Amino acid sequence: MKKIQNYVTGQWIEGKGEGTPMYDAITGEVVALSDTQGLDFAEILHYGRTKGGEVLRKMTFQERGNMLKSLALYLTKRKEGFYELSYRTGATRVDSWIDIEGGFGNLFANASLRKLFPNQSYHVEGEPIDLSRGGRFMAHHIMVPKRGVAVHINAFNFPVWGMLEKCASNWMAGVPAVVKPATNGSFLTEAVVREIIASRILPEGALQLITGSARTILDTVESQDVVTFTGSAATGRLLKSHKRIIEESVPFNMEADSLNASVLGEDAVPGTPEFDLFIKEVRNEMTVKCGQKCTAIRRIIVPQDLVEDVQIALGKALDKVTIGDPRLKEVRMGALVSKDQVTEVRNRVQELAKTASIVYGDLDKIETIGADAKKGAFLSPILLREDHPFKNLSVHETEAFGPVSTIMPYKDIEEAVTLAQMGKGSLVSSIATYDDKIAKEYVINAASHHGRILVINREMAKESTGHGSPLPNLVHGGPGRAGGGEEMGGLRGIKHYLQRTAIQGSPTTLTEITGIYQAKAKYIEADQHPFKYHWEDIQPGMSLKTHKRTLTDTDIINFSNLTWDHFYAHTDITSLDGSIFEKRTAHGYFIIAAAAGLFVYPNKGPVAANYGLEDCRFLRPLYHNDTIYVRLTCKQKVDRDVASAEHPSGIVKWFVEVFDAEDELVAVATILTMVQKKQEVFVE
Ligand code: NDP
C-alpha cells in the first residue's frame with residue numbers, strides 16, 4: 001500500500017513505521033498510509049527557522065505578495081487533480097470548491113494586501129507619537145517578522161483551505177510554516193504541497209509538511225514560534241497547556257468547538273423573502289461539507305410561534321438533499337470524512353436527544369445514490385427540536401460535527417440574544433430580518449460573544465457569501481468556546497506573525513528607521529527640484545524650500561469668483577463680528593492651490609501625475625496681506641508593481657508644510673504623485 005510522504009528539511013521522506021490507513025470516505029477502501037515515524041521535529045522546526053526564515057525575512061512585503069500571487073495562479077492551473085482527490089474525502093464539487101479554490105483565494109487576497117505595507121521587509125504601524133514639547137523626541141511602532149516558525153496543527157475538514165488560510169498570513173509576514181494536517185484527508189494536503197514544492201515559487205524551508213501524527217511536535221517550540229490549532233476543544237486545551245507553550249510564552253491561536261446560532265427575526269414570517277432565505281441558509285449550513293464546518297449553524301433560534309413553520313419548511317428543504325457519490329451531479333451531500341466520525345456524530349446526537357427530539361432524519365437509515373451506504377461514511381441530515389433551551393443546556397454545549405442542527409424557540413429579541421450567548425462564544429452568528437432596528441438590537445447585544453455576525457435580508461441575499469464562509473479580509477475566530485483566537489482579518493492576520501516594537505528617538509532617527517519622513521526631522525536639501533528626480537533617486541527627507549507669495553485681497557475675491565465658493569468669511573467683511581475670523585480670509589483650498597503654485601516644477605519630467613491628497617489640515621486662518629512659503633519634503637515612497645507595468649512608476653507621498661512670514665506652520669497636507677521609474681523594477 002502506498003505511503004504518502006512528508007516534506008521536511010528539504011526532501012520528501014517516508015516514515016519508518018507501518019503507517020496508519022486513510023480511508024476513502026465513499027467506498028471505505030484504503031487510499032494510502034500516513035506515516036510520520038522517525039521524523040525529528042526539533043530538526044524540522046530548526047530548519048524552518050533558519051533555512052526558510054532567513055530568506056523570507058529579507059523579502060519585502062511587495063515581494064512576498066507577488067510570490068503568493070504567483071503561487072495562487074500556479075495552483076489554480078492544476079486544480080482539477082485536487083478536485084479528483086477531494087472526492088475521496090467525501091466532498092462534493094461545491095464542498096471542494098470552498099476548500100481548494102477558497103484556499104487559493106486566501107493566497108490572492110493576502111497578496112493584494114502588500115499594497116497596504118511599506119516597500120520593505122518590516123511594517124510601520126499607526127501614527128507617529130510626539131513625546132515632547134519641542135518635537136525632538138518621538139516614537140513609532142514598527143513590526144518585524146518573528147524569527148521563528150509557524151506550526152499549524154489543522155483539523156480534518158479543510159485539508160487545503162486549512163493550510164493556505166494560515167500560511168498566506170505567515171508567508172506575508174516573512175515567517176516559514178510547518179503544517180501538520182489531521183491524518184484523515186492529509187493525502188489531499190500532500191498533493192497540494194507536492195505542487196507547491198515543485199513550483200519552486202517559495203524559498204526552500206518556507207513550507208514543511210508532516211502528513212500525520214505528530215504528538216511531540218510542541219516539545220521544542222521556542223519563544224519566536226507561533227502555534228495555531230484547529231480541532232476539538234479537548235485536544236486544543238491539552239496543547240494550549242503544553243509545558244513548552246507556557247515556558248516559552250509561545251502565542252497559541254486556538255479554534256475549537258463552536259455552537260454557531262442563526263436567528264429568525266420576529267418580522268420574518270412565512271411568505272417574506274427573509275423566511276425563505278433563512279430556511280435556505282440553514283439547509284446549506286447543515287449539508288454543505290456534510291455539516292463538517294467550524295462555522296456551520298448548530299442552533300436555530302426562532303420566534304416561539306414560528307417553530308412549527310420552520311420545522312416543516314426545513315423538512316421540505318432537507319427532503320431535496322440527495323446523498324451519495326459526490327462525483328454525481330445530482331448529489332448534493334457526500335459523506336463524512338470517516339466512519340469513525342459517523343460514530344462520533346451519532347454519539348453526540350444521542351447526547352442531544354436525551355432532552356431534544358429528532359424531528360427530521362434517522363440515525364440508522366439513509367438512502368444513497370451511486371454509493372453503498374454501508375461502505376461509505378454516510379449520515380442523514382438530523383434536525384432536532386429543543387423546546388426548553390433555558391433548562392436543557394446540552395444544545396448549547398454539544399457540538400455534533402456533522403449534518404446536525406437544533407431548533408429552539410424564543411419569546412422576544414432579548415431572549416434570542418441570551419440564547420445565542422449561551423453558546424459561550426462562537427465563530428459566527430446570523431439573523432434573518434428586514435427590520436434594521438431588530439438587526440441593530442441583535443448585533444450590538446450579541447457581538448460580545450461572536451467573531452462575526454451576518455444580517456440576512458432581501459437586499460444583500462443575491463450577493464451574500466453566506467453564514468458559513470470566513471473571508472480573508474474579515475476576522476475569523478471567536479471568544480470562549482470557539483477557542484478565543486483570531487486569525488485572517490486582512491492586515492491583522494499577518495500582524496499575528498510580526499513582533500510589534502515601540503521605537504523612541506529623534507524625528508531624524510525615526511525617519512531613517514521607518515523609511516517615512518517624520519515631522520521636524522532634518523531636511524535633506526535637494527540639489528535640484530525634487531520633481532526632476534526619477535523614482536529611484538528620491539529618498540524620504542529630500543526637501544525643497546520655495547520662494548514666497550503674499551496673498552492679496554484680489555486673490556481671495558478672484559478665487560471666490562473662479563470657484564463660486566462665496567462663504568461669508570471670503571466675501572463679506574461686515575459679517576465677521578463674533579466669528580473666528582478677523583479679516584477677509586483666504587479659502588483653505590486656495591492655500592493648497594497656492595502652495596502647489598509655489599512647489600510645482602512646471603517642465604515635463606518624471607512626475608507623471610498628481611494622484612491625490614491626504615491628511616490636509618489648516619492650522620490657522622490666513623488673511624489678505626499674509627505671506628506664505630512652502631517646504632516640500634518626500635515623506636514616503638510606495639511601490640506599484642503590476643499596476644504600473646506599462647508605464648513603470650511608483651507613488652511618492654510629499655509632505656507639504658505651509659509657513660507664514662514668521663516661519664509659523666499654518667497648513668499641512670500630504671500630496672501623492674506618480675513618479676516614473678528609470679526602468680521596470682518588478683518582473684513577474
Ligand atoms: P482533534 O482535536 O482530535 O485533532 C485536531 C488536530 O490535532 C489533528 O491534526 C490531530 O492530528 C492533532 N492532534 C491531536 N492530538 C494531538 C496531540 N496530542 N499533539 C499534537 N497534535 C494532536 O480533532 P479532529 O480533527 O479529529 O476532530 C474531532 C472533533 O473536533 C470533531 O468531531 C469536531 O467536534 C471537532 N472539530 C471542531 C472544529 C472547529 O473548528 N469547530 C474543526 C474540526 C474538528 P491527528 O489527526 O494526526 O491525530
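Counting starts at 1 for both ligands and their atoms, following the listed order. Please read all numbers here as calculations on a predicted model, not as lab measurements.
A donor-acceptor contact closer than 3.5 angstrom is absent between the side chains of Arg452 and His476. Side-chain contact annotation: Asn392 with Glu386, donor-acceptor N/O pair under 3.5 Å present. Using modelled atom types, one finds no donor on one side chain facing an acceptor on the other under 3.5 Å when comparing Arg49 with Gln224. In the model, Ser186 has no side-chain atom that pairs as donor or acceptor with a side-chain atom of Thr189 under 3.5 Å. Under the 3.5 Å distance criterion, with hydrogens and angles disregarded, a donor-acceptor pair is assigned to the side chains of Asp95 and Thr92. Using modelled atom types and a 3.5 Å distance limit, the side chains of Ser223 and Ser249 yield no donor-acceptor pair. Side chains of Gln5 and Arg194: a donor-acceptor N/O pair is present below 3.5 angstrom, by distance only.
Polar contact with ligand 1: present for Thr235 (N/O pair, distance under 3.5 Å). Any N or O atom pair closer than 3.5 Å counts here, and Arg348 shares no such pair with ligand 1. In terms of polar-atom proximity, Thr230 is not counted as a contact of ligand 1, lacking any N or O under 3.5 Å from an N or O of the ligand.
For atom 48 (O) of ligand 1, the nearest non-hydrogen atom from the set Arg215, Arg237, Lys180 belongs to Arg215. Counting heavy atoms only, Ala256 comes closest to atom 41 (N) of ligand 1 of the residues Ala482, Ser258, Ala256. Between atom 36 (N) of ligand 1 and the options Gly231, Gly236, Ala400, the minimum heavy-atom separation is to Gly231.
Among all non-hydrogen protein atoms, the one lying nearest atom 12 (C) of ligand 1 is Ile153 CG2, 3.6 Å. Distance from atom 29 (C) of ligand 1 to its nearest protein heavy atom, with residue and atom name: Ser232 CB, 3.8 Å. Among all protein heavy atoms, the one lying closest to atom 19 (N) of ligand 1 is Leu239 CD2, 3.5 Å. Counting protein heavy atoms only, atom 43 (C) of ligand 1 is closest to Ala155 CB, 3.3 Å. In this structure, atom 20 (C) of ligand 1 lies nearest to the protein heavy atom Ala214 O, 3.5 Å.
The aromatic rings of His450 and Tyr442 lie tilted to each other, with the angle between the two planes from 30° to 60°.
Contact atoms of ligand 1 toward Glu255: 40 (O) (distance under 4.0 Å to a heavy atom of the residue). When each atom of ligand 1 is checked for a heavy atom of Phe156 under 4.0 Å away, the hits are 24 (P), 25 (O), 27 (O). Of all atoms in ligand 1, listed by their number and element, those nearer than 4.0 Å to a heavy atom of Pro181 are 9 (O). Proximity to Cys294 (heavy-atom distance under 4.0 Å) selects the following atoms of ligand 1: 39 (C), 40 (O), 41 (N). Under a 4.0 Å criterion applied to the non-hydrogen atoms of Glu399, ligand 1 contributes the atoms 33 (C), 34 (O), 35 (C), 37 (C), 41 (N). Interface atoms of ligand 1 facing Gln341, defined by a heavy-atom separation under 4.0 Å, are 31 (C), 32 (O). Annotation for ligand 1: atoms under 4.0 Å from non-hydrogen atoms of Ser213 are 47 (O). For ligand 1, the atoms lying closer than 4.0 Å to a non-hydrogen atom of Ala182 are 8 (C), 9 (O), 46 (O).
Using modelled atom types, one side-chain atom of Asn6 and one backbone atom of Thr211 make a donor-acceptor pair closer than 3.5 Å. A donor-acceptor pair under 3.5 Å links the side-chain atoms of Asp225 to the main chain of Val149, judged by distance alone.
Contact annotation: Asn154 has at least one heavy atom less than 4.0 Å from an atom of ligand 1.
For Ala233, no heavy-atom contact with ligand 1 is shorter than 4.0 Å.
Under a 4.0 Å N-O distance rule, the pair Glu195/Arg78 qualifies as a salt bridge. Residues Glu487 and Lys166 are paired through a salt bridge, judged by an N-O separation under 4.0 Å between the basic side chain and the carboxylate. One finds a salt bridge joining Asp325 and Arg327 here, because a Lys/Arg side-chain nitrogen approaches an Asp/Glu carboxylate oxygen to under 4.0 Å.
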